[in-house]
Amino acid sequence: MKKPPNPIFSHQTVLLLQNQQHSIKTMKQIHANMITTGLILHAYPLSKILILSSSLSIPYSLTLFNQIQTPSIFLFNTFISSITNNAHLAFSLYSRVLAEKSLKPNNFTYPSLFKACGSRPNWFRHGRALHGHVFKFIEPHCDCYVQVSLINFYSVSGKLGIARYLFDEMSKPDLAAWNSILAAYCNGSCSGYCGGENADLSIEALCLFNQMLVSHVRPNEKTLVAIIGACADLGALCNGVWSHAYVLRSNLKMNHFVATALIDMYAKFGYLDLADQLFDQMSHKDALCYNVMIRGLALHGHGHRAIGLFQRMREEGVEPDNVTFVAVICACTHVGLVNEGSEIFNSMKEVYGIEPKLEHYGCLVDLLGRAGQLDEALELVRSMPMEPNAVVWRSLLGACRVHGNLEIGELALRHLVELEPETSGYYVLLSNMYANISRWDDVRRVRKVMKNKGVNKFPGTSFVEIDGALHEFVIGDKTHPCSDMIYRKLEEMNWKLQMHGHNPSTKEVLFDIEDEEKEGALSYHSERLAIAFALVATDSSFPIRIIKNLRVCQDCHASTKLISKIYGRDIVLRDGNRFHHFRNGACSCLDYW
DNA sequence: TTAGGGTTAG
């Protein structure tokens, strides 16, 4: 016989709790009503008021919870899951569960707790201890939610290997599990916690996606957001366009997340018109999508359009955030709008109440430096409220090299050598700087310091990929088997083998391949030699792909930009951190210089 | 009839 429906579930107050948005005032009224009607004694309505009250006032919800005589594990789980952004409270509730003999944590207890751990820095050890509890109290393999929450916890804690192990342990990963592991690889490739393997992480994400399709798990919007991000990081145009097409043909929703990821991807590829089209189609534009579009425009040298979009953002009442200002000040830098950039920097605090961070000061140093205002840039570095990092000093150094200011350049290099003593490139730059003005004693001194410190043990190498084969070039290796061929070809093409530079009238590209007269000047960079090789060895229109074992230095960055513009060739430089995609004189990697 | 996991820029 069918049981009659329980009148509690159709009670007017319970329906009110479920169906409407409430203020603290109406929530208190409902609470009072529940006490008078006796509904407060029933677990289901109690769980609903707990969820509601914790979203409005944590102290109120805690008082409410503490009034429950003997809360069941169901009520503990409900309350813990509603306060995961308060990890301390979540864990104190969990310890009450452990202390109570009549209670035992279950499958529903752990996902929220792992979420709470992952959301706080330095809580890794708590999460790891909690993982032990999972084995003690439940059977983790039986529950997908627990497994996924563990994968996420380890991935946000930077333990991608453990996350992958747990994923591989799953006999039949569901959609959320696939999305978690894909996001883990994609976020890992962005945050850079895996050193030189970032690009490999994005490639692995694409491989995993392939496996997902093969195992007949149907991707959703979250999946595609991760994959589009991986394509953007890799500069994988074909895969990126395929992903866009997949969204359309699979009737996935072009929601905020998907659209923003696509805008970012097309902007990074340099397809600003496509990015702009998608941007215009977005019904509601938030700060995030403005940021990616502004950044995209700034990256590709459309500074004025970027600033125009920033104006539009303000006119439409969208509040800029700290990322917006990084993008806008960089846009000003690229078109030399020093006053506008400085004003925007000042408006951060005065108008928007946003305290400028290190990266904003870095942008301003770059803005002033590139405009040749080196004394002002140095003054700013000295007066900024936080300790300048290597990025800031590198900006200043870059400006000094462009504007030929040895004094400040030397100062910047000294700081860089101190901050990153293992980076041989700084010693090399310092040495070259002295060599350029024939201060040979200083050249020898720097070389001696290098030798004493044991830096530069590992020469920089670049690999250039031509027709699927990798050719290796080592910094300063004049005996490379390709060198003669490159020299001959370059001479045929009437290229000068000197310091890098560019003569717009003759279209000469000047490589600093070697200069015997300059004693002590280090010879050409391997990536430049590799590019030269690729240019002379292939006429195909495919991007020249170069893989480096050292960071792309400023010299190389500048000359590669130039070569991409003059020869109309896309060049992709991959270093330990990421891909730098050069197209028509612009590079889609702004964070370097 | 109740509770838990996965998405966007730097």
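All values below come from the heavy atoms of this structure, side chains included, with hydrogens, waters and symmetry mates left out. Residue numbering restarts at 1 for every chain, and letters A, B, ... go by the order of the sequence lines.
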*Find the distance A/Met293:CE to B/dT8:P and express it as a whole number of Å.*
20 Å
*Are there more than 12 heavy atoms of other residues, nucleotides or ligands under 6.0 Å from atom CZ of A/Arg125?*
no
*Report the residues that fulfil ring pair (Phe, Tyr, Trp, His ring centres under 6.0 Å) with A/His244, sequence neighbours left out, ordered by chain and then residue number.*
A/Tyr266
*So does A/Lys115 get a side-chain nitrogen or oxygen closer than 4.0 Å to the phosphate oxygens (OP1/OP2) of B/dG6?*
yes
*Whole-Å gap separating P (B/dT7) and CG (A/Leu175)*: 12 Å
*Considering residues at least two apart in sequence or located in another chain, which fulfil the ring pair (Phe, Tyr, Trp, His ring centres under 6.0 Å) criterion with A/His284?*
A/His256
*Just compare B/dA9, B/dG6, B/dT8 and give me whichever is closest to any side-chain atom of A/Phe257.*
B/dT8
*By centroid distance (under 5.5 Å) and plane angle (under 30°), are A/Tyr145 and B/dG4 in a stacked arrangement?*
yes
_Output the rounded distance in Å from CZ (A/Phe74) to C1' (B/dT2)._
4 Å
_Would you say the rings of A/Phe91 and A/Trp123 are close, in the sense that their centroids are separated by under 6.0 Å?_
yes
*Hey, does A/Val258 reach any base, or is it just sugar-phosphate, or nothing, if we go heavy atoms under 4.0 Å?*
nothing
*Answer with yes or no whether A/Asp174 presents, from its side chain, a donor or acceptor under 3.5 Å of a partner atom in the base of B/dG6.*
no
*Separation of atom CG in A/Asp366 from atom C1' in B/dG10, rounded to whole Å*: 15 Å
*For A/Lys253 and B/dT8, what is the distance between atoms NZ and C1' respectively, to the nearest whole Å?*
17 Å
*Assert yes or no for the condition that the ring centre distance of A/Tyr94 to A/His133 is strictly below 6.0 Å.*
yes
*Establish, for the pair A/Lys285 and A/Phe279, whether the NZ or CZ atom is under 6.0 angstrom from the six-membered ring centre and no further than 45 degrees off its axis.*
yes
*Residues from residues 40-49 of chain A sitting under 4.0 Å of DNA chain B, heavy atoms only?*
A/Tyr44
*Tell me, which of residues 75-91 of chain A have any heavy atom that sits under 4.0 Å from an atom in DNA chain B?*
A/Asn77, A/Thr78, A/Ser81
*Could you work out which one of B/dG4, B/dT8, B/dG6 sits closest to the side chain of A/Leu288?*
B/dT8
*For A/Glu316, all residues meeting salt bridge (charged side-chain N to carboxylate O under 4.0 Å, His left out), sequence neighbours excluded*: A/Arg312
*Does anything in residues 99-110 of chain A reach DNA chain B, meaning a heavy atom under 4.0 Å, and if so which residues?*
A/Asn106, A/Asn107, A/Phe108
_Categorize A/Val292 for me: base, sugar-phosphate, or nothing, with a 4.0 angstrom heavy-atom threshold over every strand shown._
sugar-phosphate
*Lys/Arg-Asp/Glu bridge criterion (N-O < 4.0 Å) met for A/Arg164, A/Glu204*: yes
*Among the nucleotides B/dG4, B/dT7, B/dG6, which one has an atom lying closest to any side-chain atom of A/Ser112?*
B/dG4
*Residue A/Asn322, side-chain atoms from C-beta onward, closest of B/dG10, B/dG5, B/dT8*: B/dG10
*Separation of A/Ile73 atom CD1 from B/dT2 atom C1', in whole Å?*
14 Å
*Calculate the interatomic distance between A/Lys268 atom NZ and B/dT8 atom P; express it in whole Å.*
12 Å
_Quick test of your reading of the model: are A/Arg305 and A/Asp276 salt-bridged, counting only N-O distances below 4.0 Å?_
yes
*Would a distance-only check, ignoring hydrogens and angles, find a side-chain to backbone donor-acceptor pair under 3.5 Å from A/His360 to A/Lys357?*
yes
*Distance under 6.0 Å and angle within 45° of the ring axis: does A/Lys159 meet both against A/Phe124?*
yes
*In Å and rounded to the nearest 0.5 Å, what is the CD to CG distance from A/Glu387 to A/Leu419?*
8.0 Å
_Between P on B/dG10 and CG on A/Asp233, what's the gap in Å once rounded to a whole number?_
8 Å
